[in-house]
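Lettering of chains follows the sequences in order, A, B, ..., and the numbering in each one begins at 1.
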Amino acid sequence: NVRGQLAVANAQELLQKITEKSYKMCVTRPGQALDAGERQCIAKAMDRYMEAWNLVSRAYATRLQRDSRGMQQ
Amino acid sequence: NVRGQLAVANAQELLQKITEKSYKMCVTRPGQALDAGERQCIAKAMDRYMEAWNLVSRAYATRLQRDSRGMQQ
Amino acid sequence: NVRGQLAVANAQELLQKITEKSYKMCVTRPGQALDAGERQCIAKAMDRYMEAWNLVSRAYATRLQRDSRGMQQ
Amino acid sequence: MADQELDPQTQAELRQFIEVENSKARFQSMVHNFTDMCWDKCMTSVGNKLDSKQEQCLVNCVERFLDTSYFVVNRLDELKRRA
Amino acid sequence: MADQELDPQTQAELRQFIEVENSKARFQSMVHNFTDMCWDKCMTSVGNKLDSKQEQCLVNCVERFLDTSYFVVNRLDELKRRA
Amino acid sequence: MADQELDPQTQAELRQFIEVENSKARFQSMVHNFTDMCWDKCMTSVGNKLDSKQEQCLVNCVERFLDTSYFVVNRLDELKRRA
C-alpha cells in the first residue's frame, strides 16, 4: 500500500523532528530525570511544532496555487 | 545518459546550496517581501558562492595531485 | 559478507565524525599548516570522541535492557 | 517489467497514481524542511499558542525562502543568456 | 527470489540472521547520532580523559533524549485517544 | 547481468567509464561539502568579489581539513599497531 507507507513515513519524520526540537529547546542541561518544567515545556513545544507544521503546509500550498495561477495568465 | 545525469545532479546541488546560504546570510528577518537590500545581498552571495565553489574545487584538485605525486616518490 | 560490510560502514562513519568534530573544535582559524597545538588538540579530541562513543553505546544498551525488562513485568 | 501485460488505460491510470503520490511526497518533504528551518528562525520560546508575531514570521519565512529560490534561478538564467 | 529452493529451517535461520544484523545496524546508527549530538552539548573542551562531569553529561544527554522521545510518543497516543 | 554477451574489451571500457564517472561524482560531492563548511567558516559578509583574506581562508580551510583527516587516519593506524 503506497499511500499508507507514505503516511507512515510522514508521521515518523514529524515525530523525529518534534522530539529533536523539543529536546533542543527544553532540555538544555540534561539532569537525572526530566523535571516538571521540562515536561511542560516539551508538551508546549510539541503542540506548537504541530501548529507550525500545519501553518507552513497551508502557506506553501497557497503559494504554489498563487504561482501556478500567475503562470497561466 | 550517465554523464548528463551527473551534471544535472551537480547543478541542482549547487542551486540548493546557493539558495540556502544566500537566504541564511541575507534574509535574517523575513518581511512582507524581499527588499532592495536583500536582493542586492542575494545577488552578491550567489556570485561569491560560485567563486568559492570554483576556488575550493581547484584547491582540492591541486591537493589530490600533490598527494598522489608524494605517494609515488 | 554482510557482517564485514556493516563493520566497515560503522568504522567509516566513526572516522568521519571524529575528523569533523576534531576539526571543528581544534582548527578554528585554519592557517598555513596544522601547528603543534592543533595537532595535540586533534589527538585528544580523537581519543575523547572514541571514549564518548563507547560510553554512549554502553548507556544506550543499558537503557534498552532496562526498558525491555520494564515491559515484561 | 510487467507493463506489457497491462492494457493502455490501466497503464495510464497507474502512471497518474504514481505521479500524484510522488508530488504529495515532495510536498510533505518540503513542508518538513521549511518547518525545521523556520522553527529555528521564528520560535525562540513556546507559549500556550502561536502568537501573531510567530505566525507572521513562519509564513514570511516560507514565502521569502521561495522568493530567494526564484530570484536565484531567474538570475542564473539571465547570467547564462548574457554570457 | 530463490526462497523456494531453501528448506524451511534454512529460511528461518537466514531471516533471523538478517533481523539480528539489521538491529545491530540500527543500534550503531543511533549511537552515532547520540554521540554527535551529545558531544556538542557536553564537550566544550578536551583534556587527557573524560572528566566525571562530561561523563555524567553524556549519559544524561542520552537518557533524557530517550525520555523526551517516549514522552512525545505517549502524549501523542493520549491526544489521539481523547480526540 | 548481460556481461556475458559483451566482449572482454567492451567490458573493460565500460568498467573504466563507470570508474571515472564515479570518481568525478565523489570529487564533486566533496567540493560541495567543503564549500558548504568553509563558506560558514570564512564568509561572514559578501562584497563585490572574494577578498584575499577570504580566498586564503577558503583554501586553508580545505587544506587543513584534509590534513586533519590524514592525521586522524595515520594516528588510528599507529594506535592499532601499538595495541
Side-chain angles (χ1 to χ4, degrees), chain C residues 1-30 34-73, chain E residues 1-3 6 10-74 77:
Chain C
N1 184 310
V2 176
R3 224 165 253 170
Q5 285 181 335
L6 186 60
V8 168
N10 190 40
Q12 281 183 337
E13 176 83 11
L14 184 58
L15 192 65
Q16 203 187 310
K17 295 275 191 193
I18 288 175
T19 304
E20 281 172 19
K21 296 295 184 186
S22 305
Y23 182 74
K24 203 183 159 190
M25 182 175 266
C26 304
V27 192
T28 44
R29 290 185 192 174
L34 288 182
D35 64 35
E38 285 167 339
R39 285 165 173 271
Q40 207 171 18
C41 177
I42 295 167
K44 277 184 194 170
M46 277 179 70
D47 294 348
R48 295 301 82 71
Y49 199 87
M50 290 186 283
E51 280 175 37
W53 201 94
N54 286 323
L55 183 62
V56 163
S57 178
R58 279 199 307 276
Y60 183 38
T62 306
R63 172 68 181 253
L64 287 180
Q65 275 184 320
R66 202 194 324 142
D67 289 349
S68 71
R69 264 206 304 279
M71 277 190 280
Q72 285 162 5
Q73 286 173 346
Chain E
M1 265 192 302
D3 264 7
L6 298 173
T10 311
Q11 278 185 41
E13 282 170 13
L14 191 65
R15 220 171 287 134
Q16 215 209 332
F17 173 79
I18 291 169
E19 237 167 73
V20 168
E21 294 304 311
N22 271 344
S23 81
K24 267 199 251 172
R26 270 199 309 274
F27 177 84
Q28 289 178 346
S29 160
M30 293 296 280
V31 172
H32 283 301
N33 289 342
F34 288 150
T35 310
D36 184 332
M37 174 182 77
C38 297
W39 175 270
D40 290 342
K41 221 179 185 68
C42 303
M43 305 294 295
T44 46
S45 68
V46 287
N48 289 319
K49 60 191 204 63
L50 292 177
D51 64 37
S52 62
K53 219 173 146 185
Q54 289 168 334
E55 287 191 345
Q56 193 60 62
C57 180
L58 289 166
V59 172
N60 285 348
C61 173
V62 174
E63 292 269 11
R64 296 301 81 72
F65 186 86
L66 291 166
D67 287 348
T68 303
S69 173
Y70 296 145
F71 181 84
V72 166
V73 171
N74 289 335
D77 280 351

Item to check | Contacting region of C/Asp47 [heavy-atom separation from chain E under 4.5 Å] | outcome: neither
Next on the checklist: Under 4.5 Å from any heavy atom of chain C, what part of E/Asp67 do you find: side chain, backbone, both or neither?
Outcome noted: both
Item to check | Min side-chain heavy-atom separation E/Trp39-E/Val46 under 4.5 Å | outcome: yes
Validation: residues 54-62 of chain C side-chain donor-acceptor distances under 3.5 Å, sequence neighbours left out:
{"unit_1": "C/Asn54", "atom_1": "ND2", "unit_2": "C/Met50", "atom_2": "O", "d": "3.3"}
{"unit_1": "C/Thr62", "atom_1": "OG1", "unit_2": "C/Arg58", "atom_2": "O", "d": "2.7"}

Next on the checklist: Are more than 12 heavy atoms, taken from residues, nucleotides or ligands other than C/Lys24, located less than 6.0 Å from that residue's NZ atom?
Outcome noted: no
Next on the checklist: Shorter than 4.5 Å, heavy atoms on both sides: which option in E/Gly47, E/Ser45, E/Cys61 has the most such pairs with chain C?
Outcome noted: E/Gly47
Checklist entry - Does the distance from C/Cys26 SG to C/Cys41 SG come in under 2.5 Å? => result yes
Checklist entry - For C/Arg3, what residues pass the salt bridge (Lys or Arg N to Asp or Glu O under 4.0 Å) criterion, not counting sequence neighbours? => result E/Glu21
Item to check | Option that, when pairs with chain C are counted at under 4.5 Å, heavy atom only, ranks first among E/Ala25, E/Cys38, E/Cys42 | outcome: E/Ala25
Item to check | Option in C/Lys21, C/Lys17, C/Glu13 with maximal non-hydrogen atom pairs under 4.5 Å from chain E | outcome: C/Lys21
Checklist entry - Under a 4.5 Å heavy-atom cut-off, does chain C meet the side chain of E/Gln54, its backbone, both or neither? => result neither
Checklist entry - If you count heavy-atom pairs under 4.5 Å between each of E/Ile18, E/Leu58, E/Asp36 and chain C, which one has the most? => result E/Asp36
Checklist entry - Which bit of E/Ser29 comes within less than 4.5 Å of chain C, counting heavy atoms only: side chain, backbone, both or neither? => result neither
Item to check | Candidate pair C/Glu51 and C/Arg48, rule side-chain contact (heavy atoms from CB on, under 4.5 Å), full reasoning | outcome: CA-CA 5 Å; C/Glu51 280 175 37; C/Arg48 295 301 82 71; 2.7 Å; yes
Next on the checklist: With a 4.5 angstrom heavy-atom cut-off, is it the side chain or the backbone of E/Phe27 that approaches chain C, or both, or neither?
Outcome noted: both
Checklist outcome for this item: When the 4.5 angstrom heavy-atom criterion is applied to C/Leu14 and chain E, the contacting part is both
Checklist entry - What do the steps show when you test E/Arg26 against E/Met30 for side-chain contact (heavy atoms from CB on, under 4.5 Å), and what is the final call? => result CA-CA 6 Å; E/Arg26 270 199 309 274; E/Met30 293 296 280; 5.5 Å; no
